[in-house]
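Please read the structure below before turning to the comments.
Heads up: numbering here begins at 1 and tracks the sequence.
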Amino acid sequence: QVQLVESGGGLVQAGGSLRLSCAPSGRTANNYAMGWFRQAPGKERDIVAAINWSGSSTYYADSVKGRFTISRDNAKGTVYLQMNSLKPEDTAVYYCAADRIAGIVRIRGDYDYWGQGTQVTVSA
């Protein structure tokens with residue numbers, strides 16, 4: 001069983017930056033595909049970014065391309081989401097997810113493990 005713990009959320013002004021971290025506790029997730037999702041009030045949980053097991057391949061939702069960067073440090077067992085040029089519409093609860101396959105995973109239902117989420121609020 002992989003338990004994921006997100007950190008780094010908070011309140012930031014528009015144009016600012018935040019870096020989210022996701023670290024598994026218990027079993028390592030170094031060989032797993034990882035992803036970041038977000039869910040705003042009244043909306044579905046949508047993918048933001050995904051990364052394969054080695055970090056050599058990434059995927060971004062169109063809404064965050066050029067502003068967000070997903071990365072991983074398998075030595076530390078941690079996945080990051082660097083968020084720059086934040087906009088009020090980025091406000092949501094951000095979730096980290098892990099899938100037992102190694103490649104890029106874009107579908108929410110394909111992920112096996114989820115964190116509890118961290119709130120990101122961007123003020124205008």
Side-chain angles (χ1 to χ4, degrees):
Q1 186 75 8
V2 175
Q3 295 178 326
L4 303 174
V5 180
E6 303 99 334
S7 61
L11 173 64
V12 64
Q13 289 187 331
S17 298
L18 284 174
R19 188 176 80 157
L20 305 183
S21 299
C22 172
S25 62
R27 184 174 179 176
T28 181
N30 286 353
N31 293 329
Y32 292 5
M34 301 292 292
W36 285 98
F37 288 73
R38 67 186 180 187
Q39 187 169 19
K43 295 188 177 181
E44 291 190 351
R45 189 177 298 186
D46 293 326
I47 190 166
V48 174
I51 191 166
N52 69 339
W53 75 274
S54 67
S56 62
S57 183
T58 57
Y59 165 82
Y60 296 95
D62 288 343
S63 58
V64 305
K65 279 182 182 176
R67 300 189 298 122
F68 290 12
T69 302
I70 188 171
S71 62
R72 66 192 301 162
D73 184 341
N74 283 344
K76 297 181 179 179
T78 303
V79 176
Y80 304 97
L81 185 68
Q82 177 67 44
M83 305 185 296
N84 298 328
S85 303
L86 283 161
K87 305 175 181 180
E89 51 264 44
D90 294 319
T91 295
V93 177
Y94 283 69
Y95 297 89
C96 174
D99 190 302
R100 286 171 287 184
I101 74 166
I104 291 285
V105 179
R106 305 182 185 185
I107 307 300
R108 180 183 62 196
D110 289 343
Y111 280 88
D112 299 302
Y113 306 104
W114 292 86
Q116 293 300 307
T118 184
Q119 176 70 47
V120 171
T121 303
V122 184
S123 62

Residue pair Ala97 / Tyr111: nearest heavy atoms and the distance that separates them: CB-CD2, 3.4 Å
Are Val64 and Val122 connected, step by step, through hydrophobic side chains (Ile, Leu, Val, Met, Phe, Trp, Tyr) whose heavy atoms are closer than 4.5 Å? yes
OG of Ser25 to CG of Leu4, rounded to nearest 0.5 Å, is 7.5 Å
Counting only N and O atoms by type, is there a donor-acceptor contact under 3.5 Å from the side chain of Asp112 to the main-chain atoms of Arg100? yes
Is any side-chain N of the basic residue among Asp62 and Lys65 closer than 4.0 Å to the acidic one's carboxylate O? yes
Could you state whether Val5 and Val120 fall into the same hydrophobic cluster, counting links through intermediate Ile, Leu, Val, Met, Phe, Trp or Tyr residues with side-chain heavy atoms under 4.5 angstrom apart? no
For the CG atom of Leu11 and the CD atom of Gln119, what is their distance to the nearest 0.5 Å? 9.5 Å
For the residue pair Ser21 and Thr78, what are the closest heavy atoms and their distance? CB-CG2, 4.2 Å
For the residue pair Gln82 and Ser17, what are the closest heavy atoms and their distance? NE2-CB, 4.0 Å
Heavy atoms of Val2 and Tyr113 approach each other most closely as O-CD2, 3.5 Å
Within one Ile-Leu-Val-Met-Phe-Trp-Tyr cluster: Tyr94 and Leu18, side-chain cutoff 4.5 Å: yes
Output for pair (Arg45 CZ, Trp114 CH2), nearest 0.5 Å, gives 5.0 Å
Rounding to 0.5 Å, atoms CZ (Phe68) and CG (Asp90) come to a distance of 4.0 Å
Spacing of CG belonging to Asp99 relative to CG belonging to Asn52, to within rounding of 0.5 Å: 12.0 Å
Got a sec: does the CD of Glu44 have more than 12 other heavy atoms crowding it under 6.0 Å? no
Nearest-0.5 Å distance, CE of residue Met83 to CZ of residue Arg19: 11.5 Å
When you measure from the centre of the six-membered ring of Phe37, is the NZ or CZ of Arg108 under 6.0 Å away and within 45° of the axis? no
Answer yes if Tyr95 and Ile47 sit in the same cluster of Ile, Leu, Val, Met, Phe, Trp and Tyr residues linked by side chain heavy atoms under 4.5 Å apart, and no otherwise. yes
Does Tyr59 share a hydrophobic cluster with Met34, counting links as ILVMFWY side-chain heavy atoms below 4.5 Å and allowing steps through other members? no
Determine the minimum heavy-atom distance between Leu81 and Ala49, stating which atoms define it. CD1-CB, 4.1 Å
Short side-chain to backbone donor-acceptor contact, Arg72 and Gly55, under 3.5 Å: no
Whether the side chain of Gln116 engages the backbone of Glu6 through a donor-acceptor N/O pair (distance < 3.5 Å, no angle test) should be reported. no
Determine the minimum heavy-atom distance between Gly103 and Ala33, stating which atoms define it. O-CB, 2.8 Å
When you measure from the side chain of Asn74 to the backbone N and O of Trp53, does any donor-acceptor pair fall under 3.5 Å? yes
